[in-house]
Amino acid sequence: GMCFASKDIINVLNKIKPPYNISLLSQNAAVEGLQNIELKNVWVKEIILQREWLAEELTKIKAIQKVYPSDANFLLVKISNAREVYNQLVSRGIIVRDRSNVILCDDCLRITVGTPLENQTLLKELNTI
């Protein structure tokens, strides 16, 4: 949906809304998916394994200065020329988040942990950039 309102009202709404817009259909699918605890646990285990593997592999790339510890499904990575790396990844169809404009995150990319194939593709492209 959309909201047209005064700047003051929009400022209040921005303080209480989620940082990324999620449709009701997506919210319902997530709630339904979480009802199957066994399947959810399989997914969580796979994400953790992939996160650990990806973090280790990222440390082997020269341009990467630091991989910050994470308990989430993404990694924050300090990398030389983050904005340029971000643009090159986007041009290759790989979407990460450039967090360089966030305080204390200069030259940082936020990389979501993907499937094994997605993670391997990311690493391959990072090694060629």
Legend entry - Heavy-atom closest pair, residues Pro116 and Glu46: CG-OE2, 3.8 Å

Legend entry - N/O donor-acceptor pair under 3.5 Å between Asn36 side chain and Leu39 backbone: yes

Inset, instruction - Under the salt bridge (charged side-chain N to carboxylate O under 4.0 Å, His left out) rule, collect the residues that match up with Glu125, sequence neighbours excluded. - result: Arg92

Inset, instruction - Not counting sequence neighbours, list each pair that qualifies as a side chain to side chain donor-acceptor pair (under 3.5 Å) and has a residue in residues 65-78. - result: Gln65-Ser80

Legend entry - Beyond-backbone contact of Leu76 with Arg99, side-chain heavy atoms, under 4.5 angstrom: yes

Inset, instruction - Output the distance between atom CG (Leu122) and atom NZ (Lys124), rounded to the nearest 0.5 Å. - result: 11.5 Å

Inset, instruction - If you link ILVMFWY side chains whenever their heavy atoms are less than 4.5 Å apart, which other residues fall into the same cluster as Leu104? By chain and number, please. - result: Ile103

Legend entry - Nearest atoms (heavy-atom pairs only) where Gly114 meets Asn119: N-OD1, 2.9 Å

Legend entry - Considering all heavy atoms, the nearest Ile129-Gln88 contact: CG2-OE1, 3.4 Å

Inset, instruction - Begin with the C-alpha distance, continue with both residues' side-chain angles, and end with the deciding distance and a verdict on side-chain contact (heavy atoms from CB on, under 4.5 Å) for Leu89 and Ile95. - result: CA-CA 7 Å; Leu89 287 172; Ile95 307 301; over 6 Å; no

Legend entry - Min side-chain heavy-atom separation Leu54-Leu58 under 4.5 Å: yes

Legend entry - Side-chain cluster (under 4.5 Å, hydrophobic types only) that Val44 belongs to, other residues: Ile48

Legend entry - Residue from Val90, Leu126, Val85, Ile111 passing side-chain contact (heavy atoms from CB on, under 4.5 Å) with Val96: Ile111

Inset, instruction - For the pair Glu118 (side chain) and Thr115 (backbone), establish whether a donor and an acceptor sit closer than 3.5 Å, ignoring hydrogens and angles. - result: yes

Inset, instruction - Output all residues satisfying side-chain hydrogen bond (donor to acceptor under 3.5 Å, both in side chains) with Arg83, sequence neighbours left out; order by chain, then residue number. - result: Asp98

Legend entry - Value rounded to 0.5 Å, distance of CD1 in Ile47 from CD in Gln50: 9.5 Å

Legend entry - Contacts of type salt bridge (charged side-chain N to carboxylate O under 4.0 Å, His left out), residue Lys15, not counting sequence neighbours: none

Legend entry - Check against side-chain contact (heavy atoms from CB on, under 4.5 Å), Leu123 and Trp53: CA-CA 11 Å; Leu123 292 168; Trp53 178 81; 3.4 Å; yes

Inset, instruction - Take Cys108 and Ile79 through the test side-chain contact (heavy atoms from CB on, under 4.5 Å) and record every step on the way to the result. - result: CA-CA 6 Å; Cys108 285; Ile79 186 168; over 6 Å; no

Inset, instruction - Could you tell me which non-hydrogen atom of Leu13 sits nearest to which non-hydrogen atom of Cys3, and how far apart they are? - result: CD1-SG, 3.7 Å

Inset, instruction - Compare all side-chain heavy atoms of Arg110 with those of Leu75 and state whether any distance is below 4.5 angstrom. - result: no

Inset, instruction - Without swapping roles, check the side chain of Thr121 against the backbone of Leu117 for a donor-acceptor pair under 3.5 Å. - result: yes

Legend entry - Residue pair Phe74, Val113: steps toward the side-chain contact (heavy atoms from CB on, under 4.5 Å) verdict: CA-CA 5 Å; Phe74 60 85; Val113 177; 5.5 Å; no

